[in-house]
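Every number for a ligand or one of its atoms is a count from 1 in the order of the listing. Excluded from the calculations below are hydrogen atoms, water molecules and symmetry mates; all remaining heavy atoms, backbone and side chain alike, are included.
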Amino acid sequence: MSMVVTEPCFGCKHTDCVVVCPADCFYEGESMLFIHPDECIDCGACVPECPPQAIFYEDDVPEPWRDYIALNREMAPLCPNITEKKAPLQ
Ligand code: SF4
Ligand code: SF4
């Protein structure tokens, strides 16, 4: 189990989430971030740091966004790690 980044992350202007992650398990896609499910330790620290509320525990991902569970697993290993807050995502 793991936290999952979902649709509201698209075009995020904050990336506040990555700074608090003790496991450095956020990865930067072209327009959103992904959490590597094998690295996330379910600490929950990132959840309140995400202004658009894009991060959910895997079991609690809203139905329309369930595909994001597989997408995070697929994309995280393909994207660069991100551990510092940066300019808005495109
Ligand atoms: S805070 Fe992080 S997870 Fe939340 S929308 Fe922004 S980049 Fe995505
Ligand atoms: S739950 Fe904890 S370990 Fe998992 S992505 Fe969020 S801050 Fe990182």
Looking at C50, which atoms of ligand 1 are within less than 4.0 Å of one of its heavy atoms?
1 (S), 3 (S), 4 (Fe), 5 (S)
Quick one: which ligand 2 atoms are inside 4.0 Å of a heavy atom on P22?
7 (S)
Any idea how W65 and F56 line up, ring-wise: parallel (<30°), tilted (30 to 60°), or perpendicular (>60°)?
tilted
Considering atom 4 (Fe) of ligand 2, could you give the total of protein N/O/S atoms lying closer than 2.8 Å?
1
The atoms of ligand 1 lying under 4.0 Å from a heavy atom of C17, numbered in the order shown, are 1 (S), 2 (Fe), 3 (S), 7 (S)
Indicate yes or no: at least one non-hydrogen side-chain atom of I82 is less than 4.5 angstrom from one of Y27.
no
Heavy-atom pairs closer than 4.0 Å: do any link ligand 1 to the side chain of I55, the backbone, both, or neither?
side chain
Between P52 and ligand 1, find which residue part has any heavy-atom pair under 4.0 Å and reply side chain, backbone, both or neither.
side chain
Any donor-acceptor pair under 3.5 Å from D16 side chain to K85 backbone
no
Closest heavy-atom pair and its distance - F26, C46:
CZ-CB, 3.8 Å
Any N/O/S atom, backbone or side chain, of H14 lying under 2.8 Å from atom 8 (Fe) of ligand 1?
no
To check you understand the geometry: which heavy-atom pair defines the closest contact between N72 and V4, and what is its length?
ND2-CG1, 3.5 Å
Who passes salt bridge (Lys or Arg N to Asp or Glu O under 4.0 Å) against D60, sequence neighbours left out?
none
